[in-house]
Amino acid sequence: MSTNLRITPLLTPDIAVFDRLITILKAAFAFQDGIVNPPSSVTRVDVAELQWRFERDTVLVACDVENDTAIIAQIWIEQTDHDAYLYKMSVDPAYQGQGIGRAMMDAALDHIAQKGAVGRARLHVRKELAGNVAFFQRCGFAINGAGTHPGFSTPTYWVMTRNIAAQETLSIA
């Protein structure tokens with residue numbers, strides 16, 4: 001992994017930043033086209049949706065400080081009463097395979113632990129994406145259930161969870 005990676009909460013995004021986040025999301029999720037059913041909601045994401053989510057949730061971004069601090073990855077965190085839901089984790093395909101996904105996951109878990117409000121992280125991963133399931137298992141998550149998208153009669157995704165110790169330090173951020 002690049003030592004020139006900085007992971008921080010996104011604080012004051014403008015439209016150009018939201019456009020960059022959408023570009024990363026769509027590029028990182030493109031491999032799922034034709035594999036997952038129903039298609040990923042990322043195919044329909046727009047600036048208005050991300051602005052709405054930003055008002056409600058936390059987004060951590062990774063910047064490449066050697067490349068004019070360009071945003072190269074993101075993970076969103078929705079705080080619920082019972083857990084922290086991690087979603088839209090994505091790394092620009094040009095930077096994949098360098099450990100950035102793991103660094104993002106560690107930073108998100110560290111962020112949750114530091115807030116101390118909940119002791120569990122949760123995410124959803126499509127059942128067809130065995131590589132993604134394996135990645136999240138390496139990050140300490142376990143399959144703890146299944147979910148079904150509206151209109152489907154059988155489960156379409158795994159619910160994966162991980163317990164988090166208060167003040168656990170995991171990340172480089």
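All values below were derived from every heavy atom in this structure, side-chain atoms included, with hydrogens, water molecules and symmetry-related copies excluded.
Note: Phe54 CZ to Phe18 CZ = 5.5 Å, rounded to the nearest 0.5 Å. For the atom pair CG (Asp110) and CD (Gln114), the distance works out to 4.0 Å, reported to the nearest 0.5 Å. Taking OG1 of Thr23 as the start and CD1 of Ile71 as the end, the distance is 10.5 Å to the nearest 0.5 Å. Residue Trp158 holds its CH2 atom at 10.5 Å from CD of Gln137, rounded to the nearest 0.5 Å. To the nearest 0.5 Å, atoms CD1 (Ile77) and CG (Leu60) are separated by 4.0 Å. Annotation: the span from Glu49 atom CD to Leu25 atom CG amounts to 9.0 Å, rounded to 0.5 Å.
Of all non-hydrogen atoms in Pro39 and Arg44, the two that sit nearest each other are O-NH1, 4.2 Å. Here the closest non-hydrogen pair linking Gln32 and Ser40 is OE1-CB, 3.7 Å. Residue Thr156 comes nearest to Pro38 through the heavy atom pair CG2-CD, 4.3 Å, listed as atom of the first residue, atom of the second, then distance. Across all non-hydrogen atoms, the minimal contact from Ile72 to Arg20 is CA-NH2, 4.2 Å. Taking all atoms of both residues into account, the shortest heavy-atom contact from Ser90 to Ala28 is CB-CB, 3.6 Å. Contact between Ile35 and Glu128 at its shortest, heavy atoms only, is O-CG, 3.6 Å.
Each of Leu86, Ile143, Asn132 was checked for a side chain to side chain contact (heavy atoms under 4.5 Å, CB included) with Met160, and the lone residue meeting it is Ile143. For the side chain to side chain contact (heavy atoms under 4.5 Å, CB included) criterion with Ile75, the lone passing option out of His111, Met105, Lys88 is Met105.
In the hydrophobic clustering of this structure, Phe141 does not group with Val159; members are Ile, Leu, Val, Met, Phe, Trp, Tyr whose side-chain heavy atoms approach within less than 4.5 Å, directly or through other members. In the hydrophobic clustering of this structure, Leu109 groups with Val133; members are Ile, Leu, Val, Met, Phe, Trp, Tyr whose side-chain heavy atoms approach within less than 4.5 Å, directly or through other members. Under a hydrophobic-cluster definition in which Ile, Leu, Val, Met, Phe, Trp and Tyr are linked whenever side-chain heavy atoms come within less than 4.5 Å, directly or via other members, Val59 and Ile22 are assigned to the same cluster. Under a hydrophobic clustering in which Ile, Leu, Val, Met, Phe, Trp and Tyr are joined whenever their side-chain heavy atoms come within less than 4.5 Å, directly or via other members, Val45 and Leu10 fall into the same cluster. Grouping the Ile, Leu, Val, Met, Phe, Trp and Tyr side chains by contacts below 4.5 angstrom, directly or via other members, places Tyr85 with Phe29.
A donor-acceptor pair under 3.5 Å links the side-chain atoms of Thr80 to the main chain of Asp83, judged by distance alone. No side-chain donor-acceptor contact under 3.5 Å links Arg120 to the backbone of Thr161. Checked by atom type and distance alone, the side chain of Arg122 never pairs as donor or acceptor with a backbone atom of His82 at under 3.5 Å. Counting only distance, with no hydrogens or angles, the side chain of Glu66 and the backbone of Asn4 share no donor-acceptor pair below 3.5 Å.
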Val47/Asp19 under side-chain contact (heavy atoms from CB on, under 4.5 Å): CA gap, chis, key distance, verdict: CA-CA 7 Å; Val47 169; Asp19 283 339; 3.2 Å; yes
Working note: Val118 + Gln79, criterion side-chain contact (heavy atoms from CB on, under 4.5 Å); need CA distance, chi angles, decisive distance, verdict. CA-CA 8 Å; Val118 296; Gln79 186 74 42; 3.2 Å; yes
Go through the steps to decide whether Val17 and Val61 satisfy the test side-chain contact (heavy atoms from CB on, under 4.5 Å), and finish with yes or no. CA-CA 11 Å; Val17 170; Val61 294; over 6 Å; no
I would like to know whether Leu50 and Trp76 meet side-chain contact (heavy atoms from CB on, under 4.5 Å); could you show each step before the answer? CA-CA 10 Å; Leu50 291 189; Trp76 293 72; 3.8 Å; yes
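The aromatic ring centres of His124 and Tyr87 sit 6.0 Å or more apart.
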